[in-house]
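I have placed the structure first, in the form of structure tokens, so that the comments after it can refer back to it.
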Amino acid sequence: MRKIIVQKFGGTSVADTEKIKNAARTVIREKENGNDVVVVVSAMGHTTDHLVKMAKDLNKTPSAREMDMLLSTGEGISIALLAMAIQAEGYDAISFNAPQIGIMTEKIHSKARIIDIKTDKLRAKLKEGKIIVVAGFQGVTEDGEITTLGRGGSDTSAVALAAALNAERCDIYTDVEGVYTTDPRVVNKASKLDEISYEEMLELAHAGANVLHPRSVETAKQFNVPLRVRSSFKLDDLGTLILGVEKMEIYKPVAGVAADLSQARIVVCDIPDKPGVAAKIFSHLAKQQISVDMIIQSYARKISNTNDIAFTIDASDLDKTIKTLEGLKDEIQAGDIKIDEDIAKVSIVGAGMIDRPGIASTMFETLAQQGVNIRMISTSEIKISCLVDKENAKKAVQALHKVFELEGDSIAEVKGTLPEEEGC
Ligand code: ASP
Ligand code: MG
């Protein structure tokens with residue numbers, strides 16, 4: 001049986017017609033290798049951002065349904081253009097949007113998860129020798145409503161398709177050459193990783209590395225889809241392979257450093273220290289689809305028998321969060337609700353830190369030497385995150401990258417590869 005390769009092109013890789021031609025040639029190259037090819041594309045360049053801006057000009061709080069109707073159109077343009085570009089080279093190609101295939105999602109607008117992908121039509125078209133071009137980022141509900149998977153979601157569309165089709169590999173073509181030890185714009189000696197595990201990539205993606213949509217990595221891990229992040233413009237460079245941790249040889253405790261500048265911290269002050277209060281706060285936030293990251297509950301104050309709960313969220317969920325908490329304030333007898341957006345989460349990630357003591361203390365000492373105050377700390381088996389003031393994020397990343405010996409040998413290695421935020 002012929003192997004299926006899923007390729008995904010991000011916004012910057014299809015930003016104009018020249019780039020679309022380049023993507024078409026990359027697709028054809030894979031087809032010429034004797035493989036069946038399914039291509040997933042994002043909207044061209046900054047299209048999605050422009051659409052969001054137009055919506056906000058007309059309505060400050062546009063309804064989620066109409067936002068999905070609007071944003072899903074971006075990918076509709078790029079799939080048809082890419083299919084035409086492939087046809088112009090003499091190859092048979094056909095484009096499909098999510099409802100045409102049956103990329104089924106939950107009934108949630110703007111952040112839907114994929115539930116199922118129907119593969120009959122895809123398999124039939126592949127059998128006819130066609131190259132298939134699929135719209136990323138969008139899905140459809142049982143009732144035929146259009147949904148989107150969240151910004152950057154076409155990575156997830158690609159990996160989910162690869163899993164559904166049992167593909168050999170999923171190649172994510174982008175404008176960077178792979179996954180780096182940290183953002184090369186912040187540390188010019190950042191080095192490209194040849195391999196990284198799903199687990200580490202997942203933590204890095206959540207910690208603010210903008211290379212991949214976190215859910216794409218989750219899906220790849222769950223279905224064991226080998227994932228490659230590689231450059232659209234340097235085809236002979238194999239980029240970074242993301243695979244199961246058990247297949248890796250790990251030498252260094254830390255694989256990468258990331259900073260997330262889009263967090264906000266909330267402190268709910270003076271809440272009664274009794275059972276059920278945290279449950280109430282976080283269940284109400286969950287109902288609004290708000291994900292919470294770091295959580296700290298302070299020691300109970302003896303006299304008033306109250307404590308504070310501080311947590312972080314994505315800044316884009318701030319309005320919803322405030323509204324939810326204001327609605328609960330009286331019921332839980334809370335005092336003030338404090339908000340701080342001038343913060344950043346700096347994380348170190350590495351499967352090699354398991355069972356290796358001293359990593360956390362090295363991180364904290366390094367930050368102390370830089371005069372960086374730590375406001376919150378959270379850890380997982382393979383990640384340590386510190387919340388710091390936004391203005392300190394850059395020097396924190398630079399110092400941590402150095403102390404954990406992640407610097408590449410030469411600066412030239414990363415020249416010209418500054419990552420643009422992908423997927424627009
Ligand atoms: N076009 C969508 C976005 O900008 C999806 C993607 O590019 O992955 O978020
Ligand atoms: Mg993207």
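Order of appearance sets the numbers: ligands from 1, and atoms from 1 within every ligand.
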May I ask you to check whether Lys8 has an N/O atom sitting below 3.5 Å from an N/O atom of ligand 1?
no
Residues forming a ring-ring contact (aromatic ring centres under 6.0 Å, His included) with Tyr198, sequence neighbours excluded:
none
Closer than 4.0 angstrom, basic N to acidic O: yes or no for Asp49 and Arg151?
yes
Part of Glu75 with heavy atoms under 4.0 Å of ligand 1, whether side chain, backbone, both or neither
side chain
Do the charged groups of Arg230 and Asp237 touch, with an N to O distance under 4.0 Å?
no
So, are Glu145 and Lys107 salt-bridged, with charged N and O less than 4.0 Å apart?
no
Nitrogen or oxygen of Ser42 less than 3.5 angstrom from that of ligand 1
yes
Any pair with a residue in residues 254-267 that passes salt bridge (Lys or Arg N to Asp or Glu O under 4.0 Å), sequence neighbours left out, goes on the list, sorted by first then second residue, please.
none
If we number the atoms of ligand 1 from 1 as shown, the ones under 4.0 Å from a heavy atom of Arg151 are 3 (C), 4 (O), 9 (O)
Polar contact flag for Gly152 and ligand 1 (N/O pairs, less than 3.5 Å)
yes
Measuring from non-hydrogen atoms of Gly136 to any atom of ligand 1, is the shortest distance under 4.0 Å?
no
